[in-house]
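Notes follow once the structure below has been shown.
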Amino acid sequence: MKELAGRVAVVTGGASGIGRGMALAFAEADMQVVIADIDEESARSVAREIEAMGGRCLPLRVDLVKAQEVEGLAEKVWSDLGGAHLLCNNAGVTTFGMMCEGIPDLDWDWVLAVNLHGVVNGLRAFLPRMRELPGEKHVVNTSSTTGVGPGVFVGPYAATKHAVLGLSETLREEGAAHGISCSALCPNNVDTGIVAADRNRQAEFGGPTGAGNEMVAAFIASGLAPERVGRMVRQAVIDDLPFIFTHADTRELVDARYQRMVESFAWADRWHEANPEP
Ligand SMILES: NC(=O)c1ccc[n+]([C@@H]2O[C@H](COP(=O)([O-])OP(=O)(O)OC[C@H]3O[C@@H](n4cnc5c(N)ncnc54)[C@H](O)[C@@H]3O)[C@@H](O)[C@H]2O)c1
């Protein structure tokens with residue numbers, strides 16, 4: 001999507017971290033930004049930041065888990081702003097530190113609801129409307145390096161980030177005929193509020209538990225600045241990249257995974273040879 005200026009960008013989870021970084025970067029490019037976030041106060045604060053730099057931002061409280069609220073968001077964007085050419089399905093949460101079999105139901109439900117159903121709700125509400133808009137359109141779905149490799153002690157998170165990657169590649173194929181492209185954003189560590197994701201956990205998923213993780217906190221705090229990631233995403237949208245890796249050394253993870261797959265193909269070859277059809 002080459003033309004950004006004057007167009008509308010909707011960023012979910014734009015009240016904090018990577019979403020805020022993207023919102024700022026798009027506003028710098030003279031886009032009108034809509035922040036859809038469950039944390040209304042922080043969304044307003046980012047909107048004030050954007051307005052202070054001469055940009056335009058509409059902050060809206062939306063719980064992405066609720067399909068009706070996401071549908072209401074799309075309705076408002078189309079009725080008030082004429083539609084959005086760029087959608088960033090970015091909000092995401094995680095639990096930490098447990099092996100898959102020990103993770104309670106509500107933890108699974110919460111992470112799947114926000115990270116996967118939140119993205120699905122976004123696509124359902126926005127894609128039919130985006131299709132009707134003239135010009136190039138783009139969707140950025142935030143996956144993770146955990147979407148291309150194993151996510152140890154973050155089972156539900158890993159499951160959703162692999163799912164978001166698959167969904168993004170599918171949308172890139174399906175959307176081409178309708179002028180809609182798609183990138184999967186795969187960050188490694190970025191200095192955001194994700195270790196305290198629990199702060200905005202909805203009551204139906206048990207509410208905030210105060211859970212965090214010191215080791216993960218240090219790793220996240222040593223990460224890239226979200227503003228830098230926002231500018232990378234902006235350029236990657238212009239360049240129409242299928243994958244946006246924030247850290248080039250993620251390649252080692254991808255290479256190692258690919259190598260394991262290649263070895264498995266060789267094993268399958270040997271197995272068929274040793275076990276011919278009767
Ligand atoms: N920070 C990292 O190192 C890192 C690495 C890889 C991927 N990611 C991904 O980046 C994305 C953004 O996370 P972040 O690191 O900026 O964290 P963050 O906690 O700083 O921001 C997440 C935002 O999502 C919002 N949110 C949570 N639940 C919501 C809901 N139900 N409805 C609407 N908004 C909701 C939060 O209020 C918050 O503003 C996530 O998808 C995350 O998985 C982050």
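Only a predicted model underlies this, so the values are computations on that prediction, with no experimental measurement involved.
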**Request:** Begin from the C-alpha positions of R7 and E3 and carry the test salt bridge (charged side-chain N to carboxylate O under 4.0 Å, His left out) through to its verdict.
**Result:** CA-CA 8 Å; R7 298 221 150 127; E3 294 291 321; over 6 Å; no
**Message:** Check whether D191 reaches the backbone of A225 with its side chain - one donor and one acceptor, N or O, closer than 3.5 Å.
**Reply:** no
**Asked** Considering only heavy atoms from C-beta outward, does the side chain of V10 approach that of F26 to under 4.5 Å?
**Response** no
**Prompt:** Within a reach of under 6.0 Å around CG of D105, are more than 12 heavy atoms found that belong to other residues, nucleotides or ligands?
**Reply:** no
**Asked** Counting N and O atoms only, with roles assigned by atom type, does the side chain of S183 sit under 3.5 Å from a partner on the main chain of L241, one being a donor and the other an acceptor?
**Response** yes
**Prompt:** Are V11 and V229 in one and the same hydrophobic cluster, where Ile, Leu, Val, Met, Phe, Trp and Tyr link if side-chain heavy atoms are under 4.5 Å apart?
**Reply:** yes
**Gap separating the CG atom of N89 from the CG atom of N141, nearest 0.5 angstrom** = 4.5 Å
**Sidechain-backbone polar pair: N90 side chain, T142 backbone, donor-acceptor under 3.5 Å** = no
**Asked** Less than 4.5 Å apart, any side-chain heavy atom of E69 and any of R61?
**Response** yes
**Asked** Mind checking whether P104 and M98 have side chains closer than 4.5 Å, heavy atoms only?
**Response** yes
**Request:** Would you give the length of the straight line joining atom NE2 of H247 to atom CG of L224, rounded to the nearest 0.5 angstrom?
**Result:** 4.0 Å
**Asked** Are more than 12 heavy atoms from other residues, nucleotides or ligands located less than 6.0 Å from atom CZ of R131?
**Response** yes
**Message:** Is there a side-chain contact between S168 and C182 in this structure, where contact means two heavy atoms from C-beta onward sitting under 4.5 Å apart?
**Reply:** yes
**Complete:** Taken to the nearest 0.5 Å, the spacing of L81 CG from W78 CH2 works out to 10.0 Å
**Message:** Between E204 and K66, does the salt bridge (charged side-chain N to carboxylate O under 4.0 Å, His left out) criterion hold? Intermediate values first, please.
**Reply:** CA-CA 12 Å; E204 69 264 35; K66 309 220 162 54; 3.0 Å; yes
**Item:** Within 6.0 angstrom of E263 CD, more than 12 heavy atoms from elsewhere
**Value:** yes
**Asked** How about P156 and W110: do any of their side-chain heavy atoms sit closer than 4.5 Å?
**Response** no
**Request:** Could you work out the complete set of other residues in the hydrophobic cluster of V148, with links drawn between I, L, V, M, F, W and Y side chains under 4.5 Å apart?
**Result:** L165, F243, F245, L253, V254
**Complete:** d(M130 CE, H85 NE2) to nearest 0.5 Å is 8.0 Å
**Request:** Check whether the side chains of D239 and Q235 place a donor and an acceptor atom closer than 3.5 Å, and report yes or no.
**Result:** yes
**Item:** Heavy-atom side-chain contact between M53 and E28 under 4.5 Å
**Value:** yes
**Item:** Joint hydrophobic cluster, I35 plus L73, side-chain heavy atoms closer than 4.5 Å
**Value:** no
**Item:** Joint hydrophobic cluster, V139 plus I244, side-chain heavy atoms closer than 4.5 Å
**Value:** no
**Message:** What's the separation between atom NE2 in H178 and atom CD in E132, rounded to the nearest 0.5 Å?
**Reply:** 10.0 Å
**Prompt:** Do E136 and I180 come within less than 4.5 Å of each other through their side chains, counting heavy atoms only?
**Reply:** no
**Request:** List for me each residue that meets side-chain hydrogen bond (donor to acceptor under 3.5 Å, both in side chains) alongside S181, sequence neighbours excluded, and say none if there are none.
**Result:** R172, D240
**Request:** With the side chain counted from C-beta on, respond yes when L4 and I238 share a heavy-atom pair under 4.5 Å apart, and no when they do not.
**Result:** yes
**Item:** Intermediate values then yes/no, salt bridge (charged side-chain N to carboxylate O under 4.0 Å, His left out), R44 and E49
**Value:** CA-CA 9 Å; R44 286 197 178 150; E49 258 185 278; over 6 Å; no
**Prompt:** Is a side-chain N or O of R201 found less than 3.5 angstrom from the main chain of A197, in a donor-acceptor match?
**Reply:** no
**Asked** So, does D37 use its side chain to make a donor-acceptor pair with the main chain of A15 at under 3.5 Å?
**Response** yes
